[in-house]
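Just so it is clear: chains get the letters A, B, ... in the order the sequence lines come, proteins before strands, and each one is counted from 1.
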2 protein chains.
Amino acid sequence: MEDNLKKEAAPSLKTKNQKVDGRRAPKTKTKILDAAEALFSRRGFYGVSLRDIAAEAGVQLALSYYHFGSKEDLFGRVIERRAEENKQGLQASLQEALLVKGSQDVRRIAIIRAFIMPTIDKSLRFGTGWKNYIRLLAQIANFAQDEDYMAIYRKSFDQLVAEFVQALQDIHPEMNEDDVHWCFFFLQAAITHILVESTMLDRQSRGRIHASDLDLIADKMLVFFSAGFSGFQRK
Amino acid sequence: MEDNLKKEAAPSLKTKNQKVDGRRAPKTKTKILDAAEALFSRRGFYGVSLRDIAAEAGVQLALSYYHFGSKEDLFGRVIERRAEENKQGLQASLQEALLVKGSQDVRRIAIIRAFIMPTIDKSLRFGTGWKNYIRLLAQIANFAQDEDYMAIYRKSFDQLVAEFVQALQDIHPEMNEDDVHWCFFFLQAAITHILVESTMLDRQSRGRIHASDLDLIADKMLVFFSAGFSGFQRK
DNA sequence: GTCTATAATGGGATAGAC
DNA sequence: GTCTATCCCATTATAGAC
C-alpha cells in the first residue's frame, strides 16, 4: 500500500508529486480515497455521487474510474486501505493489556481500555483521514452489514472481537459465557454509536457535555462499562 | 391521521377497497407509507428510489406524488405517522415507573425498564410496521440527524429524554448531574444499535445468541445498565 | 495519467386522459 | 384517485485524444 497512512495526507503545493519541504504531495489515488472516505462516512454509500467525490478531491471525474473502477470497488478500497493497520493496532493493544497484573477489576478495565482506546486514539489523534475512517466503520456497523464488500472486513473484525471476549472470559471464569458476550456487545454498541459523532449528547445535556470530547468519554465509558460487567458477577 | 396505526394495517370495513374476509384492504396512502417505511428503514433515504417504493407497495409511481409530493415529504410523513403514539407510550411508561416504591436499585431499574420496554414491545409485538418504524428511528439516530425534516422529531424526543434523565437524577441525588447524562447516553447508544437488528451478535457468538431475541436482550440490558450506573455511585 | 466528450441509465417529478 | 406517458436532469460509466 503506497499511500501515506500513518501521518495523514500531509499535502503541499506543487503537483506531480514533487517533494516540497520533505513531503510529497498526495497522489491522485490518495486524494480520491481521502475524499471518498470523508464523504461516505457522512452520507453513506448512496448519499454520495462520484461527482461529489471527484469535486471534493479536486480531480477529474474520469480518474476515479481509471484508478478504481466502479463506485462499489472504490468503496471497498476505502474500507480496505486502513483495515489491516487498524486490526493490528487493536491486537497489539490487547496483548499489552494481557500483561497487566492485579485484581479482577484492574485486569477487566485494562481489557476494556484496550478495546476502546486504539479506536478513540485514531479518531482523535491520527488526523482527519483516520477520524473519517472510524466514523465510516461505525456507520457501516449500523447499516449495510450485508453488502458483499463487507464480508472480508467483517470476518477479520469478528475474529478480533473473539479474542477480546476470550480474554474477558479468562478473567471471569465465574461468569456465564453468554453473559460475557452480552457485556461486550453492549460495549461495542455504545462505542459504535459514539463514534458516528452524533450531536445527540450535546443537545440533550444542553451543551454541558460534548460527544466530541472523546478523552472524557473514554474515562466515563471505563467506569460505566466495567461496572456493567459486575452486574453479572453476583450469580 | 386517518391511517390505522395501533393495530397494524388491518381492520375495518369497506370502501372502494373491497372487503376481504371482514378486513379492509389497506388504502393506497397506507400501502405507500408502509412500503416506504420498510425500505427506508433498511437502506436509508438515498438507498431507496420512489420506483422501489411504488413497486413494493404495488401501486403506480405517480400515486406517490399525488398523495405525498416529493420524496422528502414522503420521508417526513413516514416519520410523523407514528411519532406521537410512540412518544405518548414512552411518557405513560415513565409515569407508571415513577409510582414504583422501593430501594434506589428497584426504582432505577423501573425507570430504565420504562425507557427500553415500550420500544422493544413495539418492535416485537405491534407488527411489521412498528418493527420497521423503530428500525428507521434507530438508523436515523446514527445518521442523518441534521436533515431538516428531523428537527421537529428531535426536539420532541429530546424533551422526552430530559424527563427520563430528570427522573434518574431524582433517585440519585448523590450522583453528579453530568454522570447521569453519561449513563443515559450509553443506554440510548446501546438500544439504538440493537434496534437496527444487526447480525453482529449472532455471528460473534457463533449462533448461541440472537439479536432478534429482544425479550432476552431486555433482561440482560436491565442487569448490565443498572449496574453501570452504580459505577458512578461510589464517589 | 489526465483530460474532454459522450453514451447509457436511472430516477425525481409532472401532464393529462380516464 | 388512478393510470400512461414523458420530461429532464443527475449519475454511472466509457471512449478516445493528448
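Partners of B:Phe184 according to the ring pair (Phe, Tyr, Trp, His ring centres under 6.0 Å) rule, which considers only residues two or more places apart in sequence or in another chain, are B:Phe115. Here B:Arg113 pairs with nothing under the salt bridge (Lys or Arg N to Asp or Glu O under 4.0 Å) rule; sequence neighbours left out. In this structure B:Arg208 satisfies the salt bridge (Lys or Arg N to Asp or Glu O under 4.0 Å) test together with A:Glu177, A:Asp178, sequence neighbours excluded. Take B:Asp202 and apply the salt bridge (Lys or Arg N to Asp or Glu O under 4.0 Å) test, not counting sequence neighbours, and it matches no residue. When the salt bridge (Lys or Arg N to Asp or Glu O under 4.0 Å) test is applied to B:Asp158, the partners found at least two apart in sequence or on another chain are A:Arg203.
Separating the CZ atom of B:Phe68 from the C1' atom of D:dG1 is a distance of 13 Å, rounded to the nearest angstrom. Between A:His67 atom NE2 and D:dT14 atom P the separation is 16 Å, expressed in whole Å. Rounded to an integer number of Å, the gap from A:Ile32 CD1 to C:dT2 C1' is 11 Å.
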Checklist entry - What is the per-nucleotide protein-contact pattern of nucleotides 3-18 of chain C, from the 5' end, where B denotes a base atom under 4.0 Å from a protein heavy atom, S denotes such proximity for sugar-phosphate atoms only, and - denotes neither? => result BB------BBBB----
